[in-house]
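Take a look at the structure below.
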Amino acid sequence: MGFPNLVTERETSSEESSSSEDEGENIVVDDSENEEEEEEEEEEAQEEVVETKKREKKPITISLKKVCKVCKKAGHQAGFQGATYIDCPMKPCFLCKMPGHTTMTCPHRVATEHGVLPASPRNARHSVNFVFERQLRPNVPAIKPAFVVPDHVDCGVIRYHSRRVTCLEFHPTNNNILLSGDKKGQLGVWDFIKVSEKTVYSSVHTCILNNMRFSSVNHGTIYAASSDGTISCTDIETGFSESLMDLNPNGWHGPSSWRMLYGLDINAEKGLVLVADNFGFLYMLDARTNGRTGGPILIHKKGTKVVGLHINPVQPELLLSCGNDHFARLWDIRRLEAGSSICDLAHRRVVNSAYFSPQTGSKILTTSQDNRLRVWDSIFGSLDSPSREIVHSHDFNRHLTAFRAEWDPKDPSESLVVIGRYISENYNGVALHPIDFIDISNGQLVAEVMDPNITTISPVNKLHPRDDVLASGSSRSLFIWRPKDESEHVEQKVEWKILTCGKSGNNSSRKGDSDDSDDGLLGLKGKKLKRRRIQIKSSQKDQRALVL
DNA sequence: ACGCCATGATTCC
DNA sequence: TGGAATCCCTGGCG
């Protein structure tokens, strides 16, 4: 039984060395209170742990010591040091999930060009390939236009949701209307130009509104899929709502039988509404009669959630689905039956979203819980492996809506993508979670957008189909961002119109207070942040330097 | 202001 | 296969 001893030795020695390193070169952590006597005690505790090994009960001594809250070992501590989060070194990197380093030293940090992992085998850019693509996309511009990144909280912040925002949708024709859904199933309609013009429909659904899509024939109505097991079709003017389908007509009989609806999309050509549930099934409804067409079809592993559906914008027969079985799948809806997928795109973890590119429909972008965005450059080429994987922090646990990378529908080169970031960064002493703009053709971080007033994570983001506007959902709040107009040298005219309703009033007033009281501090930080927010491409190292 | 709790969904064992 | 554990969350309560 030399093995446990060996383990003990290794662990203690590594800790000793790490703690001594911490004093010197490693800037990072460690309370200097870690005196020698304590270390001895820690070693004892360590041995105890190893001896008990089966972790029946924690030795009481542990609770007396400062111990890492993640791995319960002594000698280091995970957690915030000011606005900087220190990872537990015993765990794999929180960003890229590889062992041997932490987020601080991760080569993928801040999604620079290092963040791009070429797939193996790499999709070579043969000239044949290029011609092929050129044929498919005759209108592809020769030179990629400069991205316009909405970066400045402009006209409004709104808080009418009483629970976290789960999805956003811009009106297809009215430029100023934003729809939002929340965890409670409420549907918000907001005219963000007339900031105070807002409506909340609370009786559309009874729990999480997972996805919504405007009707292709009537721009005044929106379809929504909810965890209450129904699809709603709501008139956004009147709030009149019709339920198209109820998967739980007999009510609640426990979680094993309760059906929830997640993925939703519309096939305009055939007038179909497609939805998918938490058991792996797809349902199709006729948008004209609002009746079901055919029975449920198993499109993902039985019993797993299908979180996303997307109809190809150019070939409406093509359907892309994704879900908790770690796959995104491509389907021909004319021949749709269990196991008939055209292609299965494997991922290492749950796939939060899968989208065709918005204009040509020839690219695929997925967001997976393994902290990687995946890009397939052409659905007409080989789909065996993604053309690129981009490491980006967007895994999550509780309380957060799943992150989804969203295309910029205006970008003719179909390479600009927006996605919120999970891990925070220390920006002038404030831990903020930026919203990232990523060029998926090369994996570069085009811009990181943040505001010192927004300290919560923004997992829900959507770019406007026509204007340079970004809408974000962060916790219960909605934000509208626009590019800062450089010609106007207006003095910091950030008008924070925090509109609230319901019981969130407390918070908003608290927020207002802190804005006032922190005046100098926040204002200054805000200014500095805004000035340097956008660093287009060029050198990522410079950006890093600027940020720190 | 602080600490504690619940929460959800997934992964791990 | 079920049940335990779970790192940067959010909000509410005492």
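Just so it is clear, the values below take in all heavy atoms, side chains as well, and ignore hydrogens, waters and symmetry mates. Order of the sequence lines fixes the chain letters, A, B, ..., with proteins taken first and strands second; residue numbering starts at 1 for each chain.
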Considering only heavy side-chain atoms of A:Arg476, the closest of C:dG11, B:dT10, C:dC8 is C:dG11
DNA chain B nearest-nucleotide lookup for A:Arg398 and A:Lys305: closer to the 5′ end is A:Arg398
- Query: With ring centroids as reference points, do A:His347 and A:Trp376 lie under 6.0 angstrom apart?
  - Reply: yes
*Establish, for the pair A:Lys97 and A:Phe94, whether the NZ or CZ atom is under 6.0 angstrom from the six-membered ring centre and no further than 45 degrees off its axis.*
yes
**OP:** Could you check whether A:Ile423 gets within reach of a base, just the sugar-phosphate, or nothing at all, counting any heavy atom under 4.0 Å?
**Re:** base
Original post:
Across the strands shown, which category fits A:Ser393 at heavy-atom distances under 4.0 angstrom: base, sugar-phosphate, nothing?
Top reply: nothing
Query raised in the report: Just by distance, do the side chain of A:Asp325 and the backbone of A:Lys301 share a donor-acceptor pair under 3.5 Å?
Result: yes
A:Lys183 atom NZ is separated from B:dA9 atom P, nearest whole Å, by 8 Å
Might you work through the ring pair (Phe, Tyr, Trp, His ring centres under 6.0 Å) test for A:Tyr422 and A:His394, ending with a clear yes or no? CA-CA 5 Å; A:Tyr422 180 33; A:His394 54 252; 9.5 Å; no
For A:Ser474 and A:Ile457, indicate whether the former's side chain and the latter's backbone hold a donor-acceptor pair under 3.5 Å. yes
So what does A:Asn324 touch, heavy atoms closer than 4.0 Å: a base, only the sugar-phosphate, or nothing? sugar-phosphate
Between CZ of A:Arg348 and C1' of B:dC12 the distance, given in whole Å, is 15 Å
A:Gln369 CD to B:dT11 P, in whole Å, measures 8 Å
To the nearest angstrom, the NE2-P distance between A:His300 and B:dT10 comes to 14 Å
Against the side chain of A:Val350, the closest entry in C:dC8, C:dC9, B:dT11 is B:dT11
Distance criterion of 3.5 Å, no angle test: do you see the side chain of A:Tyr422 paired donor-to-acceptor with the base of C:dC9? no
**Request:** May I ask you to say what A:Lys69 touches in the nucleic acid, namely base, sugar-phosphate or nothing, with a heavy-atom cut-off under 4.0 Å?
**Result:** nothing
To the nearest angstrom, the NZ-C1' distance between A:Lys91 and C:dA5 comes to 9 Å
Ranking B:dT11, C:dC8, C:dT10 by distance to the side chain of A:Thr456, first place goes to C:dT10
A:Asn371 atom CG is separated from C:dC9 atom P, nearest whole Å, by 15 Å
Quiz item: Got a salt bridge between A:Arg329 and A:Asp344, using NZ or NE/NH1/NH2 to carboxylate O under 4.0 Å?
Solution: yes
Item to complete: Scan A:Arg349 against the nucleic acid and name what it touches under 4.0 Å (heavy atoms): base, sugar-phosphate only, or nothing.
Response: sugar-phosphate
Less than 4.5 Å apart, side chain to side chain, heavy atoms only: is that true for A:Gln186 and A:Ser162? yes
* Scan A:Ser475 against the nucleic acid and name what it touches under 4.0 Å (heavy atoms): base, sugar-phosphate only, or nothing. => sugar-phosphate
Is there a side-chain contact between A:Leu320 and A:Leu309 (heavy atoms, below 4.5 Å)? no
Notebook entry, point to check: A:Phe94 on top of C:dC8's base, within under 5.5 Å and under 30°?
Noted result: yes
Under the rule of Watson-Crick or G-U wobble with both distances under 3.5 Å, where | means paired to another strand and [ ] a crossing pair, DNA chain B maps to .|||||..|||||
Rounded to whole Å, the NE2-P distance (A:His394 to C:dC7) equals 19 Å
Rounded to whole Å, CG of A:Asn210 lies from P of B:dG8 at a distance of 14 Å
